[in-house]
2 protein chains.
Amino acid sequence: MSTKNAANPLALENQVCFSLYSATNAMIRAYRPLLDELSLTYPQYLVMMVLWQEPGISVKTLGEKLHLDSGTLTPLLKRLETKELVSRGRSELDERVRVLHVTDAGRQLHQQALSIPEQMRCKVGGTLEELAQLKQLCDHAFAMLNSGEATSCEM
Amino acid sequence: MSTKNAANPLALENQVCFSLYSATNAMIRAYRPLLDELSLTYPQYLVMMVLWQEPGISVKTLGEKLHLDSGTLTPLLKRLETKELVSRGRSELDERVRVLHVTDAGRQLHQQALSIPEQMRCKVGGTLEELAQLKQLCDHAFAMLNSGEATSCEM
DNA sequence: CACACATTAATTGCGCGCAATGTAATACCT
DNA sequence: AGGTATTACATTGCGCGCAATTAATGTGTG
């Protein structure tokens, strides 16, 4: 610390976004050994979490919850279907929409997944207050970034 | 808030990591229009930041700074070389190591990039204290995740 | 009913991240 | 010096993310 880059806005060590980016990469790496046991990737795990909670959901609604689009979700869901964890039906009222369900095997994975949050909480460390604060700051940043309102510039 | 998922550890809204992941994706999306002007991606922008600060660096050292490996960096650097922003020489003392330099064009990009940090700061909003806190919490989480020490589990 | 428009997914293409493996140059060891 | 281990980087393969485009279905309007 305290080098020539003290106030250089283009220095790596002053970049909040780089810290965010690196922490996310590290987080996904840390999930990997745990999720390997379920033969899931982290994004697949997120999809399963939503489907465990809300079976019968559409791709569109799933995408809104995860902030992902069909370009990401369609191939991912096909892979989950290939693993026979998810079924991709069609709505009878509207042939355009996919109706997503977990299979029995997918439902069984939920049991195996129950211990993962606690294992991850240990890996990241920190108090519950710190984690809650990190989450809140991320949610706030996300909300700002997703609705082009600027704070004080371009006035 | 206050639905049936109040304490469900496998509910999306209780996942710190999902907030981190979503905030990072949103952040990279927010950078895109700014970086398009420099025809850079966010990871390429990170590489340029390091090379602006430390010309002559090796791929290994670059990877240590960015927490990325040669599988990611080699093709990325080749793309920067194709754009004639970076040169990929060889060390004379050790023929294995690449010596990375920015070209004149790459150095000019630095001028154009100077306004980016401030523009992003406006997009994410929040006070400087909040941003500093977010950065510190991310750095702390990263450090924990990258050195397998657990806090209280598996003792 | 016909026709413009909107909506939902799927597809294509590209650039990461990263595990796993390969290759060439260097260091080490006796 | 000769053989082994290590190091630095490159390559391959796969799964995202996402912009852009396309296809199919549904809706609304005159």
Side-chain angles (χ1 to χ4, degrees), chain A residues 18 20-33 35-36 39-48 57-64 66-83 86 88-100 142 145-146, chain B residues 18 20-33 35-36 38-48 57-64 66-83 88-100 142 145-146:
Chain A
F18 174 62
L20 204 57
Y21 165 87
S22 295
T24 297
N25 286 345
M27 178 274 286
I28 291 178
R29 276 195 299 272
Y31 262 109
R32 202 180 309 272
L35 292 177
D36 276 350
S39 64
L40 290 177
T41 64
Y42 182 67
Q44 288 169 11
Y45 172 66
L46 292 177
V47 167
M48 293 305 292
I57 210 175
S58 71
V59 173
K60 176 183 167 58
T61 311
L62 177 62
E64 285 168 357
L66 297 180
H67 318 302
L68 296 171
D69 72 354
S70 71
T72 300
L73 290 175
T74 296
L76 188 157
L77 288 165
K78 284 184 177 178
R79 283 186 284 272
L80 289 179
E81 189 181 39
T82 301
K83 293 188 218 175
V86 161
R88 299 165 63 241
R90 290 274 187 197
S91 164
E92 294 183 353
L93 300 94
D94 186 339
E95 283 293 324
R96 289 172 305 183
V97 356
R98 287 279 186 192
V99 175
L100 305 170
F142 174 84
L145 291 170
N146 263 32
Chain B
F18 174 62
L20 204 58
Y21 164 87
S22 295
T24 297
N25 285 345
M27 178 273 286
I28 291 178
R29 276 196 299 271
Y31 263 109
R32 201 180 309 270
L35 293 177
D36 277 350
L38 319 192
S39 64
L40 290 178
T41 64
Y42 182 68
Q44 287 168 12
Y45 172 66
L46 291 177
V47 166
M48 293 305 292
I57 209 176
S58 70
V59 173
K60 175 183 168 59
T61 311
L62 177 62
E64 285 168 357
L66 297 181
H67 318 302
L68 295 171
D69 71 353
S70 72
T72 299
L73 290 175
T74 295
L76 189 157
L77 288 165
K78 283 183 177 179
R79 284 186 285 271
L80 289 177
E81 188 182 40
T82 301
K83 294 188 219 176
R88 300 165 62 242
R90 290 275 187 195
S91 165
E92 293 183 353
L93 301 94
D94 186 339
E95 284 293 325
R96 289 172 303 181
V97 355
R98 288 277 186 192
V99 176
L100 305 170
F142 175 84
L145 291 169
N146 263 32

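The interatomic distance linking A:E81 (CD) with C:dA9 (P) rounds to 14 Å, in whole Å. Atom CG in A:L80 sits about 11 Å away from atom P in D:dG15, given to the nearest Å. Separating the CG atom of B:D69 from the C1' atom of D:dT11 is a distance of 12 Å, rounded to the nearest angstrom. Atom pair A:K83:NZ and D:dC14:C1' shows a separation of 11 Å (rounding to whole Å applied). Atom CG of B:L66 and atom P of C:dG17 are 10 Å apart (whole Å). Across the protein-nucleic acid pair, B:Y42 atom OH and D:dA19 atom P stand 17 Å apart, rounded to whole Å. One atom, CG of B:L73, and another, P of C:dC18, lie 10 Å apart when rounded to the nearest Å. In this structure, CZ of A:F18 is placed 15 Å from C1' of C:dC16, rounded to the nearest angstrom.
Within the nucleic acid shown, A:L76 comes within 4.0 Å of sugar-phosphate atoms alone, with no base atom in reach, counting heavy atoms only. A:T72 comes within 4.0 angstrom of a base, heavy atoms only. Among the heavy atoms of the strands lying under 4.0 Å from A:S70 is at least one base atom, whether or not backbone atoms are also near.
Remark: B:N25, B:R29, B:R32 in residues 22-32 of chain B come within less than 4.0 Å of DNA chain D through at least one heavy atom.
Side-chain contact between B:L100 and B:L80 is absent, with no heavy atoms from C-beta onward closer than 4.5 Å. Annotation: side chain of A:H67 is in contact with side chain of B:F18 (closest heavy-atom distance under 4.5 Å).
Partners of A:Y31 according to the ring-ring contact (aromatic ring centres under 6.0 Å, His included) rule, which considers only residues two or more places apart in sequence or in another chain, are A:Y42, A:Y45. Residues meeting the side chain to side chain donor-acceptor pair (under 3.5 Å) test with A:R96, sequence neighbours left out: A:D94. Take B:E64 and apply the side chain to side chain donor-acceptor pair (under 3.5 Å) test, not counting sequence neighbours, and it matches B:K60. Residues satisfying the side chain to side chain donor-acceptor pair (under 3.5 Å) criterion with B:R32, sequence neighbours excluded, are absent altogether. Scored by the side chain to side chain donor-acceptor pair (under 3.5 Å) test, A:T61 finds A:S58 as partners (sequence neighbours excluded).
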Identify each atom pair where a protein N or O and an N or O of nucleotides 2-8 of chain C are less than 3.5 Å apart, giving names and distance.
| residue | atom | partner | partner atom | Å |
| --- | --- | --- | --- | --- |
| C:dT7 | O2 | A:R96 | NH1 | 2.6 |
| C:dT8 | OP2 | A:K60 | NZ | 3.2 |

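Applying the salt bridge (charged side-chain N to carboxylate O under 4.0 Å, His left out) definition to pairs two or more places apart or across chains, none involves residues 66-79 of chain A.
Between A:Q44 and the phosphate of D:dC16, there is a side-chain N or O to OP1/OP2 separation shorter than 4.0 Å. The shortest distance between the side-chain N/O atoms of A:T41 and the OP1/OP2 oxygens of D:dC16 is below 4.0 Å. OP1 and OP2 of C:dG15 both lie 4.0 Å or more from every side-chain N or O belonging to B:K78.
Comparing B:L68 and B:L93 against DNA chain C, the residue whose closest nucleotide sits nearer the 5' end is B:L68.
Listed for the B:R98 side chain is no donor-acceptor partner under 3.5 Å among the backbone atoms of B:V59.
With distances taken from any side-chain atom of A:R79 to the nucleotides C:dG15, C:dG17, D:dG15, the minimum falls on D:dG15.
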Under 3.5 Å donor-acceptor pairs involving side-chain atoms of residues 23-30 of chain A, not counting sequence neighbours:
| residue | atom | partner | partner atom | Å |
| --- | --- | --- | --- | --- |
| A:T24 | OG1 | A:L20 | O | 3.0 |
| A:T24 | OG1 | B:L20 | O | 3.3 |
| A:T24 | OG1 | B:T24 | OG1 | 2.6 |

